[in-house]
Amino acid sequence: MEAGMGLFDQVSGMVSGALGGGSGGVAGQLMGVLQQNGISGVSGLVQQFEQNGLGAHVASWVGSGENLPISADQVQQVLGSPVIASIAQKFGVDPQTAAQLIAQHLPAAVDQATPGGAVADAS
């Protein structure tokens with residue numbers, strides 16, 4: 001029996017439910033942890049992805065149309081271990097699971113946060 005997968009499904013369901021419920025809940029907590037680690041809002045996230053060669057991915061999430069998928073390894077590359085560890089701690093999962101969850105849900109979260117197809121300035 002693989003307990004880890006059950007936990008992943010459970011946490012993934014929580015994240016999906018929160019994302020479906022608007023910007024609060026898990027999506028808001030995720031953005032909060034990113035902000036604590038120096039990544040401010042969607043614009044900070046876009047900048048982080050662009051600096052790591054994944055600008056086309058994040059641009060697809062912001063713009064209208066299909067969202068390009070991202071892997072857990074790419075999430076790890078862009079956000080780095082300290083940020084992944086903070087998110088993992090926040091949600092009570094291991095860093096690998098956190099990276100998988102971010103990869104699965106971040107495109108939709110950014111898409112929902114930019115309904116007009118543009119990044120709103122947070123200031």
Side-chain angles (χ1 to χ4, degrees):
M1 181 171 145
E2 196 173 347
M5 197 59 200
L7 177 63
F8 179 81
D9 290 341
Q10 183 180 3
V11 174
S12 183
M14 288 173 14
V15 173
S16 294
L19 290 177
S23 62
V26 176
Q29 291 177 31
L30 177 60
M31 293 309 278
V33 174
L34 291 174
Q35 191 159 10
Q36 289 168 9
N37 285 277
I39 302 170
S40 181
V42 175
S43 59
L45 205 53
V46 168
Q47 185 177 24
Q48 193 81 11
F49 274 80
E50 287 174 345
Q51 288 172 353
N52 286 278
L54 294 169
H57 286 75
V58 76
S60 78
W61 308 341
V62 171
S64 56
E66 192 173 339
N67 293 334
L68 291 175
I70 189 168
S71 71
D73 288 342
Q74 288 169 315
V75 166
Q76 182 75 39
Q77 170 194 332
V78 171
L79 298 180
S81 296
V83 176
I84 300 291
S86 294
I87 292 167
Q89 184 177 16
K90 179 80 174 174
F91 294 109
V93 297
D94 63 76
Q96 183 179 359
T97 300
Q100 290 171 339
L101 288 168
I102 296 163
Q104 187 175 350
H105 296 288
L106 193 59
V110 172
D111 202 10
Q112 288 180 3
T114 56
V119 177
D121 200 348
S123 58

Enter the distance from [X]:[atom1] to [Y]:[atom2] here, rounded to the nearest 0.5 Å.
X: Gln96; Y: Leu101; atom1: CD; atom2: CG; answer: 11.0 Å
X: Gln48; Y: Gln77; atom1: CD; atom2: CD; answer: 10.5 Å
X: Gln100; Y: Asp94; atom1: CD; atom2: CG; answer: 8.0 Å

Item to complete: Please report the shortest heavy-atom distance between Leu79 and Val83, naming the atom on each side.
Response: O-CG2, 3.3 Å
Fill in: Minimum heavy-atom distance Ala103-Ala72, with the two atoms named
CB-N, 3.7 Å
Worksheet entry | Beyond-backbone contact of Val46 with Val110, side-chain heavy atoms, under 4.5 angstrom | no
Discussion item. In the structure I gave you, are the side-chain heavy atoms of Ile87 and Asn37 within less than 4.5 Å of one another anywhere?
Written reply: no
Worksheet item: Does the side chain to side chain contact (heavy atoms under 4.5 Å, CB included) test come out yes or no for Leu45 and Leu106, once each step is laid out?
Response: CA-CA 10 Å; Leu45 205 53; Leu106 193 59; 3.7 Å; yes
Identify all side-chain donor-acceptor contacts of residues 61-70 below 3.5 Å with residues at least two apart in sequence or on another chain.
unit_1: Trp61; atom_1: NE1; unit_2: His57; atom_2: O; d: 3.2
unit_1: Trp61; atom_1: NE1; unit_2: Leu68; atom_2: O; d: 2.8
unit_1: Asn67; atom_1: ND2; unit_2: Asp111; atom_2: OD2; d: 3.2

